[in-house]
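Take a look at the structure below.
All values derive from a computational prediction rather than experimental measurement.
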Amino acid sequence: MSTQDFNEQELNRRASLQKMRELGIEPYPAPMYPVNASAQSIKEQYNPEEKNLQDVCIAGRIMSRRIMGAASFMELQDASGRIQVYMNRDEICPGEDKTMYNTVFKKLLDIGDIVGIKGFAFITQTGQLSVHAKELTVLSKSLRVLPIVKEQDGQVFDAFSDPELRYRQRYVDLIVNPHVKETFIKRAQIVATMREYFNEAGCLEVETPILQSIPGGATARPFITHHNALDIDLYMRIANELYLKRLIVGGYNGVYEFAKDFRNEGMDKTHNPEFTCMEIYVAYKDYIWMMEFVEKMLCKIAAKVNGGSTKVKIGEHEVDFGGTYRRLPILDAIKEYAGVDVKGMDEDQLRETCKKLHVEIDPTMGKGKLIDAIFGEYCEDKLIQPTFITDYPVEMSPLTKRHRADASLTERFELFVCGKELANAYSELNDPIDQLERFEEQARLKSKGDDEAMFIDYDFVRALEFGMPPTSGLGMGIDRLTMFMTGQTTIQDVLFFPQMRPKA
């Protein structure tokens with residue numbers, strides 16, 4: 001990169017960097033710095049009557065400065081927040097050499113530079129808690145200009161708000177938009193709460209392969225890669241279901257995994273090609289038990305990240321994750337919201353019904369996808385409060401146990417919130433003969449052109465032939481769960497680094 005690629009401010013910062021080195025100051029010193037406090041800990045622990053915290057060492061990024069001759073103020077931002085620092089020339093430079101204050105601090109440091117401060121906490125004459133600096137150390141020179149947000153008379157200027165820039169430069173977004181950092185802190189709390197809940201239930205966290213010879217566990221289009229040493233194509237995991245159920249066959253009573261899954265499909269506000277999904281499988285349970293398990297878990301998560309309340313603001317809706325959720329069979333939902341009874345219809349009748357309802361379909365779609373298309377068009381957006389949609393037709397659920405009261409249905413539910421699917425769960429199919437027949441039906445759909453249909457996983461069928469106990473399984477998208485719990489409207493806002501089209 002030549003100097004012609006830099007703007008004037010960036011050239012000035014590089015010149016300041018060189019001047020520091022000429023003064024014998026290394027702008028990027030050895031990494032150890034004896035931090036013993038943070039902006040937040042000082043605010044929580046300082047007692048103005050006792051005047052404690054007389055030996056604090058903090059480090060952070062300069063976010064603003066007010067230079068007033070021999071005394072100045074600056075605002076320092078660390079991982080916990082911001083705090084004011086008071087700088088006095090004669091205390092920073094107690095001898096005759098005033099270079100560190102007069103030259104380095106006043107002329108060579110910029111907004112965005114990272115510095116260390118040793119001093120003591122005190123209250124200024126205007127009543128603001130601050131750190132009185134006794135020593136200043138340069139820790140990292142910033143060569144780029146931060147888009148500092150300014151507010152005046154209720155108006156915001158220079159906000160770093162362009163979505164594409166924010167997602168491409170998440171590091172800048174985190175620096176200048178503090179609420180963004182809070183979203184990801186809550187995401188970590190969500191995952192930690194789920195782990196605690198599963199561990200207390202006696203389940204074991206495990207890891208399963210990301211590179212797979214057969215992409216199984218869901219109906220989705222996979223990413224394909226090539227292994228040079230074996231000279232074979234492999235698929236990136238679309239789901240971890242079949243491996244986790246192999247572990248139930250192997251004798252574990254409960255296993256779960258937070259998995260990175262990959263689906264080579266469209267991108268929009270709620271879909272990213274790489275996403276995080278949690279799947280859990282518990283032996284000797286069914287989908288009815290899993291509904292209650294999910295209700296208690298989501299109530300606990302909502303309370304954890306929202307100050308004890310189970311109510312969350314999602315867009316224009318207030319959603320309550322507490323209590324018991326509505327249970328609504330999918331065919332009853334279609335009858336309720338689309339005004340048509342599709343129970344018992346064959347494929348041709350469903351196609352005719354879709355045409356009458358103006359639902360877009362294509363020739364590759366079988367009964368399952370036709371029913372799903374009607375449900376998606378007429379029902380999903382009506383499901384605002386948490387709702388379990390239950391009892392899906394067999395054609396929609398190739399890995400699910402047949403319903404104990406109706407063999408044309410399965411013991412499956414999907415949890416919907418604000419018109420979006422949040423979770424998918426089954427009483428798991430453990431009949432190997434039935435499972436093979438379901439796989440073969442998926443192969444028939446694939447031969448018709450359905451590139452999301454499942455492959456036949458003969459090893460998984462063999463595992464079932466050794467015997468899998470009655471089992472309930474659940475899959476839940478962590479990205480979408482975080483969206484709901486933090487009130488975000490796009491998946492990009494809960495991913496540190498969402499997938500973006502590369503710039504030319």
Side-chain angles (χ1 to χ4, degrees), residues 162-168 170 187 210-212 214-225 233-241 259-279 314-315 330 354 357-366 368-383 389 392 395-399 414-424 442 445-446 448-455 475-484 488-504:
D162 178 77
E164 181 164 338
L165 269 179
R166 288 181 53 237
Y167 303 149
R168 289 187 187 277
R170 181 67 83 187
R187 180 183 176 119
I210 291 177
L211 291 177
Q212 302 180 353
I214 296 175
T219 52
R221 183 185 300 143
F223 284 95
I224 304 174
T225 187
D233 284 341
L234 293 172
Y235 300 89
M236 297 185 75
R237 172 172 62 195
I238 59 174
N240 49 347
E241 175 171 344
K260 279 289 186 184
D261 291 343
F262 307 84
R263 297 184 184 178
N264 196 0
E265 300 169 343
M267 294 170 56
D268 56 31
K269 288 186 175 183
T270 58
H271 294 88
N272 195 67
E274 173 186 351
F275 61 98
T276 302
C277 186
M278 186 289 306
E279 293 199 28
I314 305 174
I330 187 171
C354 286
L357 294 173
H358 306 290
V359 175
E360 188 175 337
I361 59 174
D362 65 64
T364 69
M365 298 168 74
K369 286 205 168 184
L370 293 170
I371 293 171
D372 193 39
I374 298 171
F375 176 77
E377 185 71 26
Y378 280 88
C379 306
E380 288 187 6
D381 63 352
K382 311 296 193 306
L383 307 173
I389 298 297
Y392 285 67
E395 294 82 2
M396 298 179 71
S397 311
L399 298 170
E414 287 185 301
L415 174 61
F416 283 84
V417 178
C418 283
K420 300 293 182 183
E421 177 204 342
L422 176 58
N424 189 16
Q442 288 289 301
L445 293 173
K446 186 172 285 293
K448 287 177 60 178
D450 185 349
D451 57 4
E452 293 184 350
M454 289 186 184
F455 290 64
M476 181 173 289
I478 300 302
D479 308 319
R480 192 167 292 177
L481 175 61
T482 304
M483 287 174 61
F484 290 148
Q488 302 299 322
T489 57
T490 67
I491 193 171
Q492 290 84 1
D493 284 322
V494 298
L495 300 174
F496 273 129
F497 305 106
Q499 191 66 48
M500 305 286 288
R501 187 185 299 276
K503 284 190 171 183

What are the two closest non-hydrogen atoms of [X] and [Y], and how far apart are they?
X	Y	answer
Arg187	Ile478	NH2-CG2, 4.0 Å
Thr364	Asp450	CB-N, 4.2 Å
His271	Ile491	N-CG2, 3.9 Å
Ala239	Gln212	O-NE2, 3.8 Å
Asn264	Pro222	CB-O, 3.5 Å
Gly217	Glu241	O-OE1, 3.2 Å

I need the [X] [atom1] to [Y] [atom2] distance, nearest 0.5 Å.
X	Y	atom1	atom2	value
Leu234	Ile224	CG	CD1	10.5 Å
Cys418	Ile314	SG	CD1	4.0 Å
Tyr392	Asp372	OH	CG	7.5 Å
Lys446	Lys448	NZ	NZ	13.5 Å
Thr219	Met396	OG1	CE	9.5 Å
Met267	Arg501	CE	CZ	8.5 Å

Sub-4.5 Å side-chain heavy-atom contact between [X] and [Y]:
X	Y	value
Arg168	Lys503	yes
Phe416	Cys379	no
Phe275	Arg480	no
Leu399	Met454	yes
Thr489	Met483	no

(request) Kindly indicate, with the supporting measurements, whether the criterion side-chain contact (heavy atoms from CB on, under 4.5 Å) is fulfilled by Glu421 and Leu415. (result) CA-CA 6 Å; Glu421 177 204 342; Leu415 174 61; over 6 Å; no
If only atom types and distance count, is the side chain of [X] paired as donor or acceptor with the main-chain N or O of [Y] below 3.5 Å?
X	Y	value
Glu274	Lys260	no
Arg263	Ile238	yes
Asp479	Thr276	yes
Arg170	Leu495	yes

(message) side-chain contact (heavy atoms from CB on, under 4.5 Å), that's the test. Do Leu357 and Glu377 meet it? Break it down for me.
(response) CA-CA 9 Å; Leu357 294 173; Glu377 185 71 26; over 6 Å; no
(request) Please assess Ile330 against Glu414 for the test side-chain contact (heavy atoms from CB on, under 4.5 Å), listing each intermediate value before the final yes or no. (result) CA-CA 9 Å; Ile330 187 171; Glu414 287 185 301; 5.8 Å; no
(request) Using a strict 4.0 Å threshold on nitrogen-to-oxygen distance, state whether Arg166 and Asp493 make a salt bridge. (result)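 Salt bridge flag = yes for Asp493 with Arg166.
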(request) Evaluate the side-chain contact (heavy atoms from CB on, under 4.5 Å) criterion for residues Tyr167 and Thr490: first the C-alpha distance (whole Å), next the side-chain angles of each, then the deciding distance (0.1 Å), finally the verdict. (result) CA-CA 12 Å; Tyr167 303 149; Thr490 67; 3.5 Å; yes
